[in-house]
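A short write-up of the structure that comes next.
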Amino acid sequence: MTHDLDQLATTVHRLMPQALADLTELVAFRSVQDPSVEDPQQCRLAAEWVRDHLIALGLSDTSLVRTPDGSDAVIGHYEGPPGAPRVLLYAHYDVQPASTTDAWVSDPFTLTERDGRYYGRGAADCKGSVVSHLTALRALAAIGQTEYPVSLTVVIEGSEEQGTGGLEQYVAAHPDEFEADVILIQDTGNVVVGQPTLTVALRGVADVVVRVESLAGELHSGAFGGAAPDALAALVSMLATLRDGEGNTTIEGLAADGVWPGTAYDEATFRTDAGIRDGVAVLGSGAVADMVWARPAVTILGIDAPPVAGSVAAIQPTAAARLNLRVPPGVDAGEAADLLMAQLRRVAPWGVRVSTELQGLGSPFGARTDTREFETLRSALAEAFGRPVITAGQGGSIPLTAALATAHPDASIVMLGLSDPASQMHAPNESVHPGDLERTAVGVATFLCRLGG
């Protein structure tokens, strides 16, 4: 088994120029699944690019599938040797907007190398993983395999970043298309460059919008201030009930005392990873791993209020906020959202009118770590990276994971990816380290060989 790793490592290394060329082409598509931000044709072109590359690698049964939210998922199937296990490889080609282009050092849709990293929107999340899948398969073909050692289903999503649930709905309606013995969700990352990390827990997510109305229109703050109810002040007081003085989430009925049982997250490392300013506290009464992987967290994503520049002396008649609630495995995301919305309505002061709207929902997930497939992948990645694999949680959410687990509860689902703390996912200057792309491709290719061996 050592020989197959060495041969694949040499082959993948030789293929890295092609991998970076692929990543350059894929990053160039402005594939934001939001027509108010980018031309929808860019997503279509990215999907066709992925489809054509999978077909070129022997997955002739590959097509674009329109999902209920209007996005195109690329789904390919390959039949391996009789009796071989089936592996589902997942990633997504859609990306977050790069609207704050002035904050980018280089053009976000032009892959650019700086100081050993490659910068561009989607480089880490998740176009790099698409290319990693292609590179692993290309390496298997390059070492003289007449057929892949396992049956394959490759799923490359087109609306993961928008959270509109198109692929999850499609999975629920067509579960047979996603049947697999093992599912590799390649959309997480490593705790540091060069440290192979398998994610075993995902927090669920609920996006809630709350709106407050108190007056028929704006009022002069000098003439009416002090007696007229300020909708923005009411909203601020409501939002303040969602955390205590230490920063713990305080939603009545929602437990916030979970303890993470796996690898710890060193506080000093977290401060560096998060860019916390000197003198500013890390939030919460638990350890860092407890707070980011095992407990709920509510974040204010945006507030509708007058900007400071150009603001006038007026009392606001309306205000709104968009909230993002993350919940750990074992908590029902829908029930948690209901508790959040109920609290916002309950604590509203002065009889102001309050409305709440649930805009998005994703279930949490906990992976099994006692399967043969998990151990095979752990071993392959450890050898490819040259160091032991660790397990971690993920504060983010991948709703598809829970959908696949529901559709195929016996499948072994494992999460990995190419991001690291320097990747700046969802932010300007997103980047990927090519070494992790290379080592991950080696590990996955080795895993496929050993699983089918």
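Because the structure is a prediction, the values reported are computed rather than measured.
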Taking Asn429 for its side chain and Val105 for its backbone only, find out whether a donor-acceptor pair lies under 3.5 Å. yes
Looking only at heavy atoms, what is the nearest atom pair of Leu418 and Ser129, with distance? CD1-N, 3.6 Å
So Val27 and Thr110, side chain to side chain contact (heavy atoms under 4.5 Å, CB included) or not? Walk me through it. CA-CA 7 Å; Val27 164; Thr110 300; over 6 Å; no
With no hydrogens and no angle check, just 3.5 Å: does a side-chain donor-acceptor pair link Arg326 and Asn324? yes
Between Tyr265 and Trp293, is the gap from one ring center to the other below 6.0 Å? yes
Between Arg117 and Asp436, is the salt bridge (charged side-chain N to carboxylate O under 4.0 Å, His left out) condition met? List the steps. CA-CA 10 Å; Arg117 297 184 69 94; Asp436 275 7; over 6 Å; no
Asp39 and Arg44 ion-paired at < 4.0 Å: no
Test item: Val292 and Trp260 side chains (from C-beta on) under 4.5 Å apart, heavy atoms: no
Any ion pair linking Arg86 and Asp181 (charged N to carboxylate O, less than 4.0 Å)? no
Check whether any side-chain N or O of Glu252 sits under 3.5 Å from a backbone N or O of Gln343 as a donor-acceptor pair, and report yes or no. no
State whether a side-chain donor-acceptor pair under 3.5 Å links Ser159 with Asp69. yes
For the backbone of Asn248 and the side chain of Asp244, can you confirm whether one donor and one acceptor N or O come within less than 3.5 Å of each other? yes
Can you give me the closest heavy-atom contact between Ala411 and Ala180, atom names plus distance? CB-O, 3.4 Å
Report the C-alpha distance between Ser132 and Gln186 in whole Å, list the side-chain angles of each, state the deciding distance to 0.1 Å, and finish with yes or no for side chain to side chain donor-acceptor pair (under 3.5 Å). CA-CA 9 Å; Ser132 177; Gln186 198 158 308; 3.2 Å; yes
Is a donor on one side and an acceptor on the other found under 3.5 Å between the side chain of Asp72 and the backbone of Leu64? no
Out of curiosity, Gln162 CD to Thr164 OG1, how far, rounded to the nearest 0.5 Å? 6.5 Å
Have a look at Leu325 and tell me which of Leu361, Leu340, Asp207 forms a side-chain contact (heavy atoms from CB on, under 4.5 Å) with it. Leu340
Please examine the side chains of Phe374 and Leu198, heavy atoms only from C-beta on, and report whether any two atoms are closer than 4.5 Å. yes
Answer with yes or no whether the side chains of Glu161 and Gln96 bring together a donor and an acceptor at under 3.5 Å. yes
Is the backbone of Gly165 close enough, under 3.5 Å, to the side chain of Gln169 for a donor and an acceptor to pair up by distance? yes
Candidate list Leu400, Thr401, Leu184, test side-chain contact (heavy atoms from CB on, under 4.5 Å), partner Tyr90, passing option: Leu400
How long is the span from the CG atom in Leu134 to the CG atom in Leu89, to the nearest 0.5 Å? 10.0 Å
CZ/Arg345: more than 12 non-hydrogen atoms of other groups inside 6.0 Å: yes
Do Arg211 and Arg353 pass the side chain to side chain contact (heavy atoms under 4.5 Å, CB included) test, and can you show the C-alpha distance, the side-chain angles, and the key distance before you say yes or no? CA-CA 8 Å; Arg211 295 180 175 87; Arg353 297 178 182 177; over 6 Å; no
CD on Glu267 to OG1 on Thr272, rounded to 0.5 Å: 10.5 Å
For the backbone of Leu416 and the side chain of Thr188, can you confirm whether one donor and one acceptor N or O come within less than 3.5 Å of each other? yes
Regarding Glu160 and Tyr93, do their side chains bring together a donor and an acceptor under 3.5 Å, going by distance alone? no
dist Ser31:OG -> Phe109:CZ (nearest 0.5 Å) comes out at 7.0 Å
Quick one, Asp187 with Met415, criterion side chain to side chain contact (heavy atoms under 4.5 Å, CB included). Give me CA distance, side-chain angles, the key distance, then yes/no. CA-CA 7 Å; Asp187 192 20; Met415 293 166 283; over 6 Å; no
Identify the two heavy atoms, one from Pro296 and one from Arg203, that lie closest to each other, and give their separation to 0.1 Å. C-NH1, 4.3 Å
Can you tell me if Thr263 uses its side chain to pair, donor with acceptor, with the backbone of Thr391 under 3.5 Å? yes
Looking only at heavy atoms, the pair that brings Leu111 and Leu20 closest together is CD2-O, 3.9 Å
I'd like to know if the side chain of Ser379 reaches the main chain of Glu375, judged simply by a donor and an acceptor atom lying under 3.5 Å from each other, with no hydrogens or angles considered. no
Minimum heavy-atom distance between Ser419 and Met425, given as atom pair plus value: CB-SD, 3.4 Å
So, do Phe385 and Val442 sit near enough that their side-chain heavy atoms are less than 4.5 Å apart? no
Where the side chain of His220 meets the backbone of Gly222, is there a donor-acceptor pair that is under 3.5 Å apart? yes
Judged by atom type as modelled, is there a donor-acceptor pair below 3.5 Å linking the side chain of Gln316 to the main-chain atoms of Ala231? no
Using side-chain heavy atoms (C-beta onward) and a distance below 4.5 Å, is Phe224 in contact with Glu218? no
Look at Glu383 together with Arg450 and state whether they make a salt bridge at an N to O cut-off of under 4.0 Å. yes
Cation over ring, Arg114 on Tyr119, under 6.0 Å and within 45°? yes
Separation between CD1 of Ile300 and CZ of Arg243, rounded to the nearest 0.5 Å: 8.0 Å
The test is side chain to side chain contact (heavy atoms under 4.5 Å, CB included); show your working for Arg121 and Trp104 and say whether it passes. CA-CA 10 Å; Arg121 177 55 90 219; Trp104 287 79; 3.6 Å; yes
Closest non-hydrogen atoms of Val74 and Ala47, given as atom of the first, atom of the second and distance, are CG2-O, 3.5 Å
Should Asp125 and His92 be marked as a side chain to side chain donor-acceptor pair (under 3.5 Å) after you check the CA-CA gap, both sets of side-chain angles, and the distance that decides it? CA-CA 8 Å; Asp125 184 25; His92 61 85; 3.1 Å; yes
